[in-house]
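Notes follow once the structure below has been shown.
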Amino acid sequence: MIDPKLLRHSTADVAANLARRGHQFDTDEYLELEGRRKALQVETEQWQSERNASARSIGKAKAEGTDIAPLLAAVKDLGDKLDSSEAALVSVQAGLRDIELRLPNLLDDSVPDGKDESDNAEVRRWGEPTKFDFEVRDHIELGENLGMIDFEAASRISGSRFTVLSGPLARLQRALIQYMLDTHTEQHGYEEIYVPYLVLADALIGTGNLPKFEDDLFRTHTETPYYLIPTAEVPVTNLARDAIFEADQLPKHYVAHTPCFRSEVGSYGQDTRGMIRQHQFEKVELVHFVVAKDSMAALESLTGHAEVILQKLELPYRVVALCAGDVGFGATKTYDIEVWLPGQQKYREISSCSNYNDFQARRMQARWRNPDTGRPELIHTLNGSGVAAGRALIAVMENYQNDDGSIRVPEVLQPYMGGVELIKAD
RNA sequence: GGAGAGAUGGCUGAGUGGUCGAAAGCGCUCCCCUGCUAAGGGAGUAAGGGCUAAUACCCCUUCGAGGGUUCGAAUCCCUCUCUCUCCGCCA
């Protein structure tokens, strides 16, 4: 959520910033509503104040034994006036809040202009696209030839966009997850955390997934609905909900492995084959809670931590700064890390690292106490994949493939594979 | 699933219709005192929001959540959620 005060006092500036994303902010509608809010709130609070004053004087009169009948007569219709004014205020406030909750975050000035993916700016590149002296296979062909990926079985069980992995390949994904968790906790100082995979709507409002992106989520039909998490970001970031951290408790660095569930409506026709885009996938997620002044530096370090994983796996990648039109709803700035996939001869997203500044914190009331002012201030939240395990598995398969369809196990993963160095069909 | 108890400020814990944003204690901050330490004395110490240039006044809201009764609710009524104890079941 954008600071309501900023929205109120610098409406045109906010609209201009959001326009960079291609978001059209109807300032007339907003200002009209905001004007009514102000009038109604002032009026309502005046009635409330009056009611409190008269209730006090009635109490006092009663204690003194004075006749309270005239006082009661004086406040006779106060209740009605208060009720109607309050009802109007509540409805206007709900309308405003809905507008505010659906407004994307302000972009950082460093975000490059552009309208879609093709305008993203490459920041750096690590490694060179892997070279092969044979015809490369994609992960689908590799996996099926090994007999360790079964898309047909998955679709019998769950329909499209699911995968069944077996044997060494299933273990390889687990090895990747374990390796990532160990690296982030042991090398990068993160605290490992285990969280619920089902969350309440409020948690998703906190991170910005609701109310706008309900369609992307799976929901239960229990009386109070649960949502399957689309990323660990949701439960982990909500650890800060309603919190007031002391200065010495920050920064917080969390790492969590969870499955992620996405409905992927609206992505018909994209990546329909293979396990690039699934309803369910495994991901290791990094989350930072920091004080405001540190968040841009934190974005750099978080992105760096995700990159280390690819470097240790010796997977070629590049980092791109998302352009204005491509930055996600709640982020002020985002780096995507794209890994080289020989099967597609393309760099494909394997991690997305974002600074949300106070956007999520404001929705969650996540604060820290600034010792200089003694007052609670909003923290800044960041998160990034470190990295997506399903896609990392694809990247390893395709980049480590041999002519005979076998797959070498990256050196750093071998200890997690019981020393296995090569995955091949029996 | 059954039975019972509970939910109040950073914590413990009073408070069954009015002067209660809330006693007391602890903790914390500042000041005083004591040659150090311990002890002691004093003052302060919730969050959100509105108004505003203001983190100054002033005002509003909040005692698990939502509704109701009332001029007035932490206190009375209804619904829900959560926590704890015991029994049952269960990974």
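Residue numbering restarts at 1 for every chain, and letters A, B, ... go by the order of the sequence lines. Predicted model only: the values in this text are computed from it and were never measured.
Residues A:R174 and A:Y416 fail the side-chain proximity criterion, which asks for heavy atoms closer than 4.5 Å.
Of the C1' atoms belonging to B:rG10 and B:rU29, the separation is 13 Å, rounded to the nearest Å. As rounded to the nearest Å, B:rU61 and B:rG66 have C1' atoms that lie 16 Å from one another. Look at the P atom in both B:rG42 and B:rC82: the space between them is 46 Å, to the nearest Å. Nucleotides B:rC77 and B:rU70 are separated by 16 Å at their P atoms, to the nearest Å. Here, B:rC30 and B:rA24 have their P atoms 23 Å apart, quoted to the whole Å. Taking atom C1' on both nucleotides, B:rA54 is separated from B:rC11 by 34 Å, rounded to a whole Å. The same atom, P, is picked in B:rC31 and in B:rC36; the two are 15 Å apart, to the nearest Å. When the C1' atom is used for both B:rC76 and B:rG17, the distance is 8 Å, rounded to whole Å.
Nucleotide B:rC60 holds its P atom 11 Å from the CD atom of A:Q46, rounded to whole Å. If you take CG of A:L89 and C1' of B:rU61, they are 11 Å apart, rounded to a whole angstrom. For A:D372 and B:rU29, the CG to C1' distance is 15 Å, given to the nearest whole Å.
Checked against side-chain hydrogen bond (donor to acceptor under 3.5 Å, both in side chains), A:D116 has the following partners two or more places apart in sequence or in another chain: A:S118. Under the side-chain hydrogen bond (donor to acceptor under 3.5 Å, both in side chains) criterion, A:D113 pairs with A:R20, sequence neighbours left out. Remark: A:R51 pairs with A:Q48, A:L78, A:L82 by the side chain to side chain contact (heavy atoms under 4.5 Å, CB included) rule, at least two apart or across chains.
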With a 3.5 Å cut-off and sequence neighbours excluded, list the donor-acceptor pairs that the side chains of residues 208-220 of chain A form with protein atoms.
{"from": "A:N209", "atom 1": "OD1", "to": "A:T207", "atom 2": "OG1", "distance (Å)": "2.6"}
{"from": "A:E214", "atom 1": "OE2", "to": "A:R219", "atom 2": "NH1", "distance (Å)": "3.4"}
{"from": "A:E214", "atom 1": "OE2", "to": "A:Y227", "atom 2": "OH", "distance (Å)": "3.0"}
{"from": "A:T220", "atom 1": "OG1", "to": "A:T222", "atom 2": "OG1", "distance (Å)": "2.8"}
{"from": "A:T220", "atom 1": "OG1", "to": "A:Y226", "atom 2": "N", "distance (Å)": "2.8"}
{"from": "A:T220", "atom 1": "OG1", "to": "A:Y226", "atom 2": "O", "distance (Å)": "3.4"}

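Applying the salt bridge (charged side-chain N to carboxylate O under 4.0 Å, His left out) definition to pairs two or more places apart or across chains, those involving residues 236-264 of chain A are A:E264-A:R277. For the ring pair (Phe, Tyr, Trp, His ring centres under 6.0 Å) condition, the pairs that include at least one residue of residues 351-385 of chain A, sequence neighbours left out, are A:F329-A:F359. Applying the ring pair (Phe, Tyr, Trp, His ring centres under 6.0 Å) definition to pairs two or more places apart or across chains, those involving residues 7-42 of chain A are A:F25-A:Y30. Sorted by first and then second residue, the salt bridge (charged side-chain N to carboxylate O under 4.0 Å, His left out) pairs involving residues 358-369 of chain A (not counting sequence neighbours) are A:D358-A:R362. Applying the salt bridge (charged side-chain N to carboxylate O under 4.0 Å, His left out) definition to pairs two or more places apart or across chains, those involving residues 290-313 of chain A are A:R124-A:E307.
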Seminar exercise, completed: Under a 4.0 Å heavy-atom criterion, the protein footprint on nucleotides 44-55 of chain B, written with B, S and -, is ---SSBSSB--S
For this session: Treat primed atoms plus P, OP1 and OP2 as sugar-phosphate and everything else as base, then score nucleotides 65-81 of chain B 5' to 3': B for base contact with protein heavy atoms under 4.0 Å, S for sugar-phosphate contact only, - for none.
Result: ------BS---------
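Judged purely by distance below 3.5 Å, without hydrogens or angles, the side chains of A:Y317 and A:Q311 pair a donor atom with an acceptor atom. The closest side-chain donor-acceptor pair between A:Y254 and A:N383, if any, does not fall under 3.5 angstrom.
Two residues, A:K60 and A:S49, neighbour RNA chain B, and the one matched to the more 5' nucleotide by heavy-atom proximity is A:K60.
In terms of phosphate contacts, A:N52 brings no side-chain nitrogen or oxygen within less than 4.0 Å of OP1 or OP2 of B:rC59.
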For this session: Both distances under 3.5 Å, Watson-Crick or G-U wobble: on that basis, could you give the dot-bracket string for RNA chain B, with [ ] for crossing pairs and | for other-strand partners?
Result: ((((((((.[[[..)..(.....]]]((((((.......))))))(((((.......))))).[[[[[..)....]]]]])))))))....
